[in-house]
Amino acid sequence: GGSLTKLAYYSTVQHKVARVRSFDHSGKDIENEPLYEISVQEEITARLHFIKFENTYIETCLDFIKDHLVNTETKVIKATGGGAYKFKDLIEKKLGLKVDKEDVMTCLIKGCNFVLRNIPHEVFAYQKDSDTEFRFQTNHPNIFPYLLVNIGSGVSIVKVETEDKFEWIGGSSIGGGTFWGLGALLTKTKKFDELLQLASKGQHTNVDMLVKDVYGGAYQTLGLSGNLIASSFGKSTTADKEFSKEDMAKSLLHMISNDIGQLACLYAKLHNLDKIYFGGFFIRGHPVTMRTITYSINFFSKGEVQALFLRHEGYLGAIGAFLKGAEQDNPNQYSWGENYAGSSGLMSTSPDVYPMQRTRSGTFDMLEMDRLERPLVNLPLLKDPSTYIPDTVDLTDDAMARKYWLTCFEEALDGVAKRAAASQPDSVDALERAEKFRQKYWNKLQTLRQQPFAYGTLTVRSLLDTREHCLNEFNFPDPYSKVKQKENGIALKCFQSVIESLDSLGWEERQFALVKGLLAGNVFDWGAKAVSDVLESEPQFGFEEAKSKLQERPWLEDSYSQWLERLKEGPPHKCALIFADNSGIDIILGVFPFVRELLSRGTEVILACNSGPALNDVTYSESLIVTERIAAMDPVIQTALREEKLLLVQTGSSSPCLDLSRLDKGLAVLVRERKTDLVIIEGMGRAIHTNYYAALKCESLKLAVIKNSWLADRLGGKIFSVIFKYEVPCK
């Protein structure tokens with residue numbers, strides 16, 4: 001680019017993963033053996049890195065490429081943008097490679113499609129005068145069609161209809177270069193950023209002629225407010241005085257932004273498009289230009305169209321050039337996820353310095369994206385995927401909640417680091433890695449205190465996910481693996497007596513006992529401090545003790561009577577999809593008896609568990625072993641497995657929360673095939689922090705025990721209050 005070089009590269013990252021495997025118990029006394037063995041193995045995954053730094057450090061950049069990224073097979077390096085011409089000879093000489101120049105606009109659009117598809121909080125609207133300057137948008141499942149307005153030296157307006165179909169529909173020679181050039185002539189300031197700095201301090205009304213200057217007030221007949229600009233720089237024709245540099249810069253900024261805004265609105269109207277993304281060096285995260293463009297679009301569209309900006313807008317060309325070069329591997333066939341541990345956020349002032357020192361590279365920041373093993377898609381049962389928002393509370397908006405949760409995560413950090421180190425007693429450097437994890441996550445929390453918008457909308461889910469990413473970076477793939485192994489073993493020993501006691505009850509009594517068991521199981525959550533304190537200090541705390549902790553009915557949210565009525569009066573459901581939460585008592589003594597009852601009613605069950613570990617949540621591979629053990633004890637489960645009436649699947653997630661718009665494709669296919677008509681979401685992370693307000697096309701049960709006193713208080717209850725939310729979609 002004109003002032004920044006953006007570099008995109010692919011690497012394979014070796015990291016540790018926890019694997020569980022059933023022991024071969026043939027002929028052995030298994031009474032005192034662990035349920036399964038846990039091994040930590042090396043796994044190689046793909047990662048995309050995007051780094052940007054100033055062109056003044058192009059030599060440093062090329063040294064980095066030469067030392068780390070060029071191997072003997074590399075013959076060609078893909079490049080795009082003005083610098084692909086400017087630095088072509090230098091790159092070829094220094095790296096001994098041929099520079100293959102790619103078309104700028106093609107790269108830009110490829111990059112834009114990639115981030116829109118893979119980064120949930122990529123798009124934001126800018127609101128200068130509200131509490132949260134950045135209002136992040138939910139990614140629409142269908143990203144096309146949209147208008148891309150690229151404001152570089154001039155303005156290009158491109159209509160994007162599909163992955164490969166786009167056309168240049170218009171533009172203007174009055175763009176960022178005009179602002180810079182005229183600004184330099186007017187103010188004698190040569191640097192773009194300094195010009196914007198001047199503009200941000202200026203008062204345009206000193207230079208511009210307003211409607212009220214012409215008509216003495218508003219022009220009522222045409223509905224024009226008196227404060228509207230009638231003529232940019234209009235006062236300079238009559239006033240006999242010097243104007244300040246700041247005022248002239250501000251007037252110029254308004255003049256150019258309004259011109260671009262009106263053009264963009266007219267093209268959007270002409271082509272019937274309601275999504276307009278702005279990019280180019282004129283925007284590049286500058287609050288002052290985002291504000292003027294936003295105002296202009298709002299004015300000319302009468303509030304019908306929103307100006308939208310992209311968090312990683314500066315990387316689009318580099319991402320596109322990379323995708324062009326990697327076409328034979330087709331990175332687009334995979335889903336990718338932003339790695340919060342290795343990415344510096346939006347407008348971050350303290351990004352990580354690796355791999356080059358900050359002092360050498362000026363403002364340096366990076367984005368890392370990990371390739372997910374399986375493609376992620378929407379849950380087909382979402383009522384309206386385009387308006388679905390997983391998270392219940394937006395901490396970017398809610399300052400009080402933000403302060404509480406950031407402090408909560410800070411206070412829990414020492415315990416998490418201790419647990420991580422303790423999970424690897426045989427490792428010589430576990431303590432050192434745990435301390436590095438603690439330091440890294442602490443720094444992330446401080447960044448988020450200052451810039452809550454750094455990674456998109458700040459939520460409890462994003463705080464949990466960032467913690468998991470940081471744990472993984474320092475090779476703690478599953479700090480709770482031993483805890484889960486032990487708790488699964490203990491719970492399995494109680495399974496038959498729990499079933500016998502349930503089977504001895506009358507039908508109505510049994511339904512309530514099953515729900516109570518499901519809720520009591522949900523108490524066993526190591527992610528909740530109130531619970532982990534009890535579990536640490538009272539090892540004998542079990543299923544019955546948990547039941548006694550539960551709030552008595554009526555519950556905080558209580559539609560149990562409607563659920564019971566539905567079971568009594570309605571036909572059995574065709575198929576239930578259950579999102580499970582914790583290992584041990586939760587899944588074995590809470591979820592499985594409930595599953596068994598559904599199967600006995602003639603309902604098929606899809607049991608969905610996390611693909612990867614998070615806290616003490618049950619993983620898909622653990623659920624396979626647990627289910628096999630339960631089936632050996634219980635003919636109902638055994639028959640259902642054999643006849644494929646009980647199916648175990650993975651969610652595609654490694655988070656304690658649940659985003660129904662990013663689920664494993666195999667799960668979505670199964671949900672459709674089995675005509676699923678009931679969704680059960682259990683647990684605080686999946687049913688309260690996320691999905692509390694999620695609207696589905698079918699019946700749903702959301703149930704959880706609130707194990708955080710602040711949250712309970714906020715929802716109008718006490719700790720261990722119960723949420724039992726049975727919802728039927730409106731016909």
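The first residue of the sequence shown is numbered 1, and numbering continues consecutively from there.
Below 30°, between 30° and 60°, or above 60°: for His204 and His254 the angle between ring planes is between 30° and 60°, a tilted geometry. Taking the six-membered ring where the residue is Trp, Phe309 and Phe278 present tilted rings, their angle falling between 30° and 60°.
The two residues Lys440 and Cys470 make their nearest non-hydrogen contact at CG-SG, 3.9 Å. Nearest heavy-atom pair, Tyr267 versus Gly170, reported as atom, atom and distance to 0.1 Å: OH-CA, 3.5 Å. Across all their heavy atoms, Tyr126 and Thr294 have their closest contact at O-CG2, 3.5 Å. Scanning all heavy atoms of the two residues, the minimum distance from Asn118 to Arg662 falls at O-NH1, 3.6 Å. Of all non-hydrogen atoms in Phe282 and Thr289, the two that sit nearest each other are O-OG1, 2.9 Å.
The pair Lys235-Asp208 does not meet the salt-bridge criterion, since no charged nitrogen lies less than 4.0 angstrom from a carboxylate oxygen. Residues Lys94 and Glu59 are paired through a salt bridge, judged by an N-O separation under 4.0 Å between the basic side chain and the carboxylate. Using a cut-off of 4.0 Å between Lys/Arg side-chain N and Asp/Glu carboxylate O, Lys324 and Asp100 are scored as not salt-bridged.
With rounding to the nearest 0.5 angstrom, the CZ atom of Phe179 is 9.5 Å from the CZ atom of Phe281.
With hydrogens and angles disregarded, no donor-acceptor distance shorter than 3.5 Å links the side chain of Thr187 to the backbone of Lys245. Side-chain atoms of Lys188 come within 3.5 Å of backbone atoms of Leu185 as a donor-acceptor pair (strictly under, hydrogens ignored).
Of the residues listed (Met369, His312, Met366), the one engaging Phe50 in a side chain to side chain contact (heavy atoms under 4.5 Å, CB included) is Met369, and it is the only one.
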* Asked: Hey, mind stepping through Asp397 and Arg135 against salt bridge (charged side-chain N to carboxylate O under 4.0 Å, His left out) and telling me if it holds?
  -> CA-CA 9 Å; Asp397 254 356; Arg135 173 87 40 203; 3.0 Å; yes
